[in-house]
Amino acid sequence: MANFKLAPSILSADFAKLGEEVDNVLASGAEIVHFDVMDNHYVPNLTIGPLVCEALRKHGVSADIDVHMMVKPVDRIIPDFAKAGATYITFHPEASEHVDRSLQLIRDNGCKSGLVFNPATPLSHLDYVLDKVDMILIMSVNPGFGGQSFIPAAMEKLAACRKLIDESGRDIRLEIDGGVKVDNIADIARAGADTFVAGSGIFGFGKDSDPNRYDTIVGQMLEELTKV
Ligand code: DX5
Ligand code: ZN
């Protein structure tokens, strides 16, 4: 299967037993932990920060942790996430005064860097920094909450971004975030994504009535991806 990776968003996990939730979802075949950081300023919601990232590492999580920063300003908190064990750190270009500097700062702190595109944000923000990104994250919902519906225009944007990456010859992951479910993941992959964030689509499934829910839902998503 063409280098596809699932990145469950812990935003929809049970925070009272986060370590166990992450262990279980990784054991089911997901590979990346998507870690949504919200500041009640750049987005109208408040979630988790570096302490929780560090706690997951101390708990024994060795998978890549993909820190999606929905915060403004950006730079002050980057070294904290690097120290806390982040693998990827991505941010929204609108939230940084100096995008090139923020990208460089992430790499200088030993992490992989990425830019995130809201539904209305043009890909032109990549024009002079493609050599400084390891991941491009296309939002298929407006950031701030789990459980929203996939915005169809994201498909066209993914295709444009896939073309850009392929033509550049660079090793850049193309991630999609928002409204990813079993029934649309294959089409999203065909549009060009290789990394799939899913929050409510994974952690919301079946809840406690089905103790094997991650195996089931992660298995179904991976199965869909084999058809691409
Ligand atoms: C939204 C977050 C997403 C969110 C996705 O701002 O960036 O990662 O958890 O949730 P679902 O998969 O439920 O749309
Ligand atoms: Zn996210």
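These numbers come from a predicted model, not from an experiment. Whatever order the structure lists them in is the order used to number ligands and atoms, beginning at 1.
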Participant: Would you say Gly147 and ligand 1 have an N/O pair spaced under 3.5 Å apart?
Facilitator: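 Yes - when backbone and side-chain N and O of Gly147 are compared with those of ligand 1, one distance drops under 3.5 Å.
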Participant: If you have a sec, work out which protein heavy atom is nearest atom 6 (O) of ligand 1 and how many Å separate them, to one decimal?
Facilitator: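 Sorting protein heavy atoms by distance from atom 6 (O) of ligand 1 puts Gly144 N, 2.8 Å first.
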Participant: Just to confirm my output: which protein heavy-atom neighbour is closest to atom 1 (C) of ligand 1, and how far is it?
Facilitator: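 For this ligand atom, the closest protein heavy atom is Phe145 O, 3.5 Å.
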Participant: Measure from atom 14 (O) of ligand 1 to every heavy atom in Ala13, Gly179, Ala198 and give the option owning the shortest one.
Facilitator: Gly179
Participant: Which of the atoms in ligand 1, numbered in the order shown and given with their element, are less than 4.0 Å from a heavy-atom of His34?
Facilitator: 8 (O)
Participant: Return the residue, atom name and 0.1 Å-rounded distance of the protein heavy atom closest to atom 9 (O) of ligand 1.
Facilitator: Ser9 OG, 2.8 Å
Participant: For the Zn ion (ligand 2), find the closest N/O/S atom belonging to Asp36 and write down its atom name.
Facilitator: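 Minimum-distance N/O/S atom of Asp36 relative to the Zn ion (ligand 2) is OD1.
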Participant: Need the ligand 1 atom indices (1-based, order shown) with element for anything under 4.0 Å from a heavy-atom of Val197.
Facilitator: 8 (O)
Participant: Can you tell me the N, O or S atom of His68 that's nearest the Zn ion (ligand 2)?
Facilitator: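 It is ND1 of His68.
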Participant: Measuring from the Zn ion (ligand 2), name the closest N, O or S atom belonging to Asp177.
Facilitator: OD2
Participant: Within the 3.5 Å criterion, strictly below it, is a donor on His125 or His92 matched to an acceptor on the partner's side chain?
Facilitator: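 There is no such pair (donor and acceptor under 3.5 Å, judged by atom type) between the side chains of His125 and His92.
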Participant: Run the salt-bridge test on Asp64 and Lys5 with the 4.0 Å N-O cut-off and return the result as yes or no.
Facilitator: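 The answer is no: the pair does not qualify as a salt bridge.
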Participant: Pairing donors with acceptors under 3.5 angstrom, does anything connect the side chains of His34 and Asp36?
Facilitator: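 Checked: His34/Asp36 side chains pair up, N/O donor to acceptor below 3.5 Å.
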Participant: Please round to the nearest 0.5 Å and tell me the distance separating atom CD1 of Ile188 and atom CD of Glu175.
Facilitator: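 These two atoms lie 12.0 Å from each other.
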Participant: Write out the residue and atom name of the closest protein heavy atom to atom 13 (O) of ligand 1, then the distance separating them to 0.1 Å.
Facilitator: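 Looking only at protein heavy atoms, the one closest to atom 13 (O) of ligand 1 is Ser200 OG, 2.5 Å.
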Participant: Quick check against the 3.5 Å criterion: does Ser9 have a side-chain atom that pairs as donor or acceptor with the backbone of Ala198?
Facilitator: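 Not confirmed, Ser9 side chain does not pair with Ala198 backbone.
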Participant: What are the two closest heavy atoms between Arg173 and Tyr88, and how far apart are they?
Facilitator: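 What the structure gives for the nearest pair is CD-OH, 3.5 Å.
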Participant: What are the atoms of ligand 1, with element, lying closer than 4.0 Å to any heavy atom of Asp36?
Facilitator: 2 (C), 3 (C), 4 (C), 7 (O), 8 (O), 9 (O)
Participant: For ligand 1, which atoms sit closer than 4.0 Å to a heavy atom of Met70?
Facilitator: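 Every atom of ligand 1 under 4.0 Å from some heavy atom of Met70: 6 (O), 7 (O).
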Participant: Could you tell me, atom by atom, which parts of ligand 1 come under 4.0 Å of a heavy atom of Met38?
Facilitator: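 Under 4.0 Å from Met38, ligand 1 has these atoms: 6 (O).
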Participant: Answer yes or no: is there a donor N or O on one side and an acceptor on the other, between the side chain of Glu31 and the main chain of Leu6, under 3.5 Å?
Facilitator: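 Looks like no, no N/O pair under 3.5 Å.
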Participant: Given side chains that start at C-beta, do those of Val141 and Pro119 come closer than 4.5 Å, heavy atoms only?
Facilitator: no
Participant: What I want to find out is whether Asp187 reaches Arg190 closely enough, with some N-O distance under 4.0 Å, to be called a salt bridge.
Facilitator: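 Yes, this pair counts.
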Participant: Going by atom types alone, do Asp23 and His59 pair a side-chain donor with an acceptor below 3.5 Å?
Facilitator: yes
Participant: Would Gly199 count as being in polar contact with ligand 1, using the rule that some N or O on each side must be under 3.5 angstrom apart?
Facilitator: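 N/O-N/O distance under 3.5 Å: yes.
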Participant: How far is atom 7 (O) of ligand 1 from its nearest protein heavy atom, and which residue and atom is that?
Facilitator: Asp177 OD2, 2.8 Å
Participant: Does Asn184 use its side chain to pair, donor to acceptor, with the backbone of Val180 at less than 3.5 Å?
Facilitator: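 Absent.
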Participant: With a cut-off of 4.0 Å, which atoms of ligand 1 are near a heavy atom of Pro143?
Facilitator: 6 (O)
Participant: Tell me whether Asp131 at atom CG has more than 12 heavy atoms from other residues, nucleotides or ligands lying less than 6.0 Å away.
Facilitator: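 Yes, the 6.0 Å shell around CG holds more than 12 heavy atoms from other groups.
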Participant: Can you name the atoms of ligand 1, numbered from 1 with element, that are less than 4.0 Å from a heavy atom of Gly178?
Facilitator: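 So the atoms of ligand 1 that pass are 14 (O).
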Participant: May I ask you to check if ligand 1 and Val141 share an N or O to N or O distance below 3.5 Å?
Facilitator: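 Looking only at distances, the answer is no, because the N/O contact criterion of under 3.5 Å is not met.
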Participant: Distance alone, cut at 3.5 Å: any donor-acceptor contact between the side chains of Ser140 and Lys157?
Facilitator: no
Participant: Should Lys181 be listed as contacting ligand 1, given a heavy-atom distance under 4.0 Å as the test?
Facilitator: no
Participant: Is the closest heavy-atom distance from Phe150 to ligand 1 below 4.0 Å?
Facilitator: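 Under 4.0 Å: no for Phe150.
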Participant: Would you mind listing which atoms of ligand 1 come within a distance below 4.0 Å of any non-hydrogen atom of Gly146?
Facilitator: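 Going through ligand 1 atom by atom, the ones under 4.0 Å from Gly146 are 10 (O), 13 (O).
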Participant: Considering both backbone and side-chain atoms of His68, is one of its nitrogen or oxygen atoms within less than 3.5 Å of a nitrogen or oxygen in ligand 1?
Facilitator: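 Yes; the residue has a nitrogen or oxygen that sits under 3.5 Å from a nitrogen or oxygen of the ligand.
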